[in-house]
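This is a predicted model, so every value here is computed, not measured. In what follows, chains carry the letters A, B, and so on, assigned in the order in which the sequence lines appear, proteins first and then strands, with residues in each chain numbered from 1.
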Protein chains: 2
Amino acid sequence: MLITRAPIRDQVYRHILEQVDRGDLPAGSRVRDTALAVVLGVSRTPVREALLRLAGDGVLDAEAGRGFRVRRLDRAEIGEVGAMLGALEPLALELSSEILPERLARLEAVAERLERTRGDALRCIDLDDEWHRILLEGCPNQRLLRLIATLRQIPRRYLHAYLREAGRVSLSTIHHSRVLQALRRGERATAAELLRRRWQRGVKEMESWIP
Amino acid sequence: MLITRAPIRDQVYRHILEQVDRGDLPAGSRVRDTALAVVLGVSRTPVREALLRLAGDGVLDAEAGRGFRVRRLDRAEIGEVGAMLGALEPLALELSSEILPERLARLEAVAERLERTRGDALRCIDLDDEWHRILLEGCPNQRLLRLIATLRQIPRRYLHAYLREAGRVSLSTIHHSRVLQALRRGERATAAELLRRRWQRGVKEMESWIP
DNA sequence: CAATTAAACAATGTATACAGTATCCGGTAT
DNA sequence: ATACCGGATACTGTATACATTGTTTAATTG
């Protein structure tokens with residue numbers, strides 16, 4: 001058995017992130033460390049550590065002396081983060097080692113599960129996340145992967161809200177199969193270009209929807 | 001008069017960063033929150049908040065239960081961060097608004113000061129930082145700029161160590177004038193490409209020097 | 001004498017306490 | 001009625017306290 005001792009701050013971090021994603025903590029609402037600490041049964045210290053990290057990640061806003069609140073969805077923000085991911089994900093793909101058939105198979109499997117998963121928007125987003133993780137896991141630049149994972153939290157929140165409020169319940173899966181085709185033909189650059197374009201189009205779709 | 005109330009954690013953050021850059025806290029050495037708190041005359045709380053942020057930035061390592069230590073210089077790390085900056089800085093430049101003559105003049109001024117500054121390595125690095133800041137400040141993607149600033153902390157530490165230990169006392173300034181020339185001709189893409197190449201070459205130079 | 005272990009010490013992670021501010025609410029004056 | 005003031009409340013940022021865990025040292029045993 002693997003004994004693991006995860007710091008409380010990390011658990012709290014994930015908890016709040018999930019609450020924000022699910023919309024339990026609506027955009028603009030205040031996040032009080034005291035209240036959270038009581039609910040979670042821990043002290044304010046690790047809660048504040050998690051909140052500070054989330055503020056650094058751009059999920060929360062931290063005004064000095066006024067505490068934290070959930071950042072509002074904002075056209076500019078999704079555009080900014082989209083531009084960054086549109087550069088970084090293709091970079092990660094290009095830096096990757098040869099993509100072995102085993103990985104292609106796993107990508108196909110996840111894509112298929114994603115296609116079958118209709119109606120459960122949250123699950124769709126998780127599967128799409130996993131698909132991208134598998135796609136890029138061959139990149140030796142661990143630091144780049146960590147950054148991508150952190151950045152993706154932002155569009156994920158937008159996507160959650162989008163699927164929730166715009167009533168859509170699944171993601172387009174054409175993109176996945178196109179990328180896969182390119183990879184099967186060994187055309188890494190093409191696949192990278194597809195990723196880049198996907199971010200451009202995805203951002204536009206969200207921007208046109210945001211209030 | 002502008003009354004400003006900077007959180008202690010931010011001041012501590014900058015303080016530690018400077019200590020690390022200057023080599024006062026050598027790579028691999030432990031950073032004890034208690035000791036720092038005593039020295040700075042504050043409590044452990046804001047010190048720990050600063051340390052956690054520095055760990056997130058990759059300046060420190062944080063092993064659970066074993067506190068913090070200054071991350072060791074490592075060939076892989078400079079390569080990883082260099083690859084990221086080599087993608088992000090050109091992106092920021094390409095997203096920038098037209099670069100006005102006023103900014104070109106400021107770039108020239110800083111480049112000139114940099115050329116005159118020989119012997120003071122720390123000052124050189126600061127000026128090089130400022131040059132890049134001015135170069136990219138026209139980019140409307142604030143978030144990208146913040147990320148670049150954070151990431152640059154890593155190579156800056158390597159550069160500090162390099163100039164200190166390899167005995168070099170100034171930076172090559174050819175790069176700056178080449179980029180400036182391209183910008184004067186209005187060739188933004190060329191300038192971006194120069195930035196990309198600079199990171200590739202800079203990283204190689206450091207990698208060949210690191211133990 | 002080397003290896004091992006246990007006990008004292010020290011440092012981390014978390015909890016609690018405190019001081020200073022912002023926020024909210026009711027009252028008063030215009 | 002509305003705008004302004006004052007007090008009470010609540011919350012943030014920082015300090016301090018505590019418990020657990022890692023580290024070191026010294027003693028003991030093979």
Side-chain angles (χ1 to χ4, degrees), chain A residues 1-20 24-72 146, chain B residues 1-20 24-72 146:
Chain A
M1 174 192 174
L2 178 63
I3 304 219
T4 168
R5 224 180 357 146
I8 294 182
R9 58 171 171 275
D10 292 343
Q11 303 178 48
V12 174
Y13 175 88
R14 281 191 292 273
H15 176 85
I16 301 172
L17 201 54
E18 199 178 319
Q19 297 258 324
V20 172
D24 297 344
L25 293 171
S29 67
R30 288 187 64 174
V31 182
R32 293 169 223 269
D33 53 18
T34 311
L36 262 170
V38 171
V39 169
L40 300 178
V42 299
S43 79
R44 284 178 58 213
T45 308
V47 172
R48 283 182 57 79
E49 288 170 353
L51 293 178
L52 284 167
R53 183 170 155 210
L54 284 161
D57 291 348
V59 174
L60 303 180
D61 277 327
E63 268 178 289
R66 299 188 185 187
F68 304 84
R69 52 180 66 224
V70 179
R71 187 173 269 222
R72 294 188 177 285
R146 271 212 342 254
Chain B
M1 177 192 173
L2 178 64
I3 309 258
T4 169
R5 224 181 356 146
I8 295 182
R9 57 171 172 274
D10 292 344
Q11 303 178 49
V12 174
Y13 175 86
R14 282 191 291 273
H15 176 84
I16 301 172
L17 201 54
E18 200 178 317
Q19 297 258 325
V20 171
D24 297 344
L25 292 170
S29 67
R30 286 188 64 174
V31 182
R32 292 170 224 268
D33 53 19
T34 311
L36 261 170
V38 170
V39 168
L40 300 178
V42 297
S43 79
R44 285 177 58 214
T45 309
V47 171
R48 283 181 57 79
E49 288 170 353
L51 293 178
L52 284 167
R53 181 170 157 210
L54 283 162
D57 291 347
V59 174
L60 303 180
D61 278 325
E63 269 178 288
R66 300 188 184 187
F68 304 85
R69 51 182 65 224
V70 180
R71 186 173 269 224
R72 296 188 177 284
R146 272 213 340 257

Original post:
Given B/I16 and B/L54, is the side-chain contact (heavy atoms from CB on, under 4.5 Å) satisfied, shown in steps?
Top reply: CA-CA 9 Å; B/I16 301 172; B/L54 283 162; 3.6 Å; yes

Original post:
Does the side chain of B/R9 get closer than 4.0 angstrom to OP1 or OP2 of D/dT14 through an N or O atom?
Top reply: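 Yes, such a contact exists.
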
Atom [atom1] in [X], atom [atom2] in [Y]: separation rounded to 0.5 Å?
X: A/I8; Y: A/L40; atom1: CD1; atom2: CG; result: 9.5 Å
X: B/L60; Y: B/L25; atom1: CG; atom2: CG; result: 8.5 Å
X: B/L51; Y: B/R69; atom1: CG; atom2: CZ; result: 13.5 Å
X: A/L52; Y: A/R9; atom1: CG; atom2: CZ; result: 11.5 Å

Measure the distance from [atom1] on [X] to [atom2] on [N] and round it to the nearest whole Å.
X: B/L60; N: C/dT12; atom1: CG; atom2: P; value: 12 Å
X: B/D61; N: C/dT12; atom1: CG; atom2: C1'; value: 16 Å
X: B/R30; N: D/dT23; atom1: CZ; atom2: P; value: 7 Å
X: A/R69; N: D/dT12; atom1: CZ; atom2: P; value: 10 Å
X: B/R32; N: D/dT24; atom1: CZ; atom2: C1'; value: 12 Å
X: B/F68; N: D/dG22; atom1: CZ; atom2: C1'; value: 15 Å
X: A/E63; N: D/dG13; atom1: CD; atom2: C1'; value: 15 Å

Original post:
Can you name the nearest heavy-atom pair linking B/A62 to B/A55, along with the distance?
Top reply: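 So the two residues come closest at CB-CB, 3.9 Å.
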
Subject >> Most 5' of A/R66 and A/I8 on DNA chain C, judged by nearest nucleotide >> reply: A/I8

Subject >> Sub-4.5 Å side-chain heavy-atom contact between A/F68 and A/L36 >> reply: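 The answer is no, as the side chains (C-beta and beyond) never meet within the 4.5 Å cut-off.
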
Original post:
With side chains defined as the heavy atoms from C-beta onward, is the minimum distance between A/D61 and A/R72 less than 4.5 Å?
Top reply: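 A side-chain contact is absent here, since even the closest heavy-atom pair is not under 4.5 Å.
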
Original post:
Bend across the helix from C/dC1-D/dG30 to C/dT30-D/dA1, to 10°, with axes taken over 5 pairs at each end?
Top reply: 10°

Subject >> Where at least one partner belongs to residues 33-47 of chain B, residue pairs that pass salt bridge (Lys or Arg N to Asp or Glu O under 4.0 Å), sequence neighbours excluded >> reply: B/D33-B/R44, B/D33-B/R48

Subject >> Residues in contact with DNA chain D, drawn from residues 35-51 of chain B - heavy-atom cutoff 4.0 Å >> reply: B/V42, B/S43, B/R44, B/T45, B/P46

